[in-house]
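Notes to accompany the following structure.
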Amino acid sequence: MKIPPCPDAAERAAVISELERDYPILSRSLLGRSVLGREIPLLRLGEGDVHLLYVGAHHGAEGMTAGLLLRFLSELLSAHRAGQSVEGVDLTFLLSVRTLWIVPALNPDGVELSLRGLASAGFLSDRIARMNGGREDCSTWQANARGVDLNHNYDMGFRAYKGVEASLGILGGSPSRYSGEYPGSEPETAALTRFIRSVPLSLILSLHTQGREIYFTSGGRSLPGQTTVAARFAAMTGYRAAVPTGAAAYGGLTDWAVGRLGIPSFTVECGAGTNPLPASSFIPTWHEIRPLLFRAPLYAERRAPRTEGTDADQTEE
Ligand SMILES: [Zn+2]
């Protein structure tokens, strides 16, 4: 199946419908809705009791991550039906022992703004134009439709980040890096955190562009064994396992999942260049992260449902 490198909402919906029709093992539900009411689909496949979550497009100008996840899904389903292995992974076995949850685009309004401009933002278009400094061009827009950067809206380091934010001159809704009024204030992050708390996840991959880096810490600390896994992921992709600095170090999904829930989570900065990456980056970037997407499930370990906060003492430097 042909997957657009950076699919808009209609293109994603068409791809998902076609995959759903062709492959009954794929099921779709609604994670939630965006500020502008767009659907945020949640896809599921596999029958295992070890659960993984892959999330794309926290950021508007990083819609290519949705294309990468849909391509992964398409290739996985087709190879599974043909009884083939991919990246050395026996997919029949894999889907019997693992359950994969995929959110191709957490921030559909931001992706649409980046791709289709202000006209896509309906009643919020005037406000967004002001947040965008009066500029028509929204191609580099990262936040949601209220100007909140979803990957700073999680409940980890939120208060500390408010100081960083102020020092950057960000006092309210902005194309990027504004964390919102309180953790989980946005419908997109509220929906994802509700889901994450409801499933005993063993591993999370959060795809971003760009930088060819993998982040896996929370406040500079990681979970036992996570450094080793990050090194394996780095070796598979040729990316660098790194500890974030500056504004990138607060309030992200990985910060929250690792620091509060004890779930090994990895932020993968796919590809290289300047956001939004051009369509020509899609295939090279796909080949960089393909081994990781297929093989990461092998690094997920069975876990019991956890109570929030119980892992705080188990983190390692
Ligand atoms: Zn990002």
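Whatever order the structure lists them in is the order used to number ligands and atoms, beginning at 1. A quick note: this is a predicted structure, and the numbers were derived from the prediction, not measured. Counting begins at 1 with the first residue of the sequence.
- More than 12 heavy atoms of other residues, nucleotides or ligands lie within 6.0 Å of CZ in Arg116, so this atom counts as buried by the packing criterion.
- Applying the salt bridge (charged side-chain N to carboxylate O under 4.0 Å, His left out) test to every pair with at least one member in residues 117-146, sequence neighbours left out, gives these pairs: Arg146-Glu186.
- Applying the side chain to side chain donor-acceptor pair (under 3.5 Å) test to residues at least two apart or on different chains, the pairs with a partner in residues 100-109 are Ser34-Asp109, Arg38-Asp109, His51-Trp101.
- Of the possible donor and acceptor atoms, none in the side chain of Glu18 sits under 3.5 Å from a partner among the backbone N and O of Val15.
- Of the listed residues (Thr267, Leu53, Thr254, Leu52), just one forms a side-chain contact (heavy atoms from CB on, under 4.5 Å) with Ile204, and that residue is Leu53.
- Residues forming a side-chain hydrogen bond (donor to acceptor under 3.5 Å, both in side chains) with Tyr54 (at least two apart in sequence, or on another chain): none.
- For the Zn ion (ligand 1), the count of nearby protein N, O or S atoms, meaning those under 2.8 Å away, is 4.
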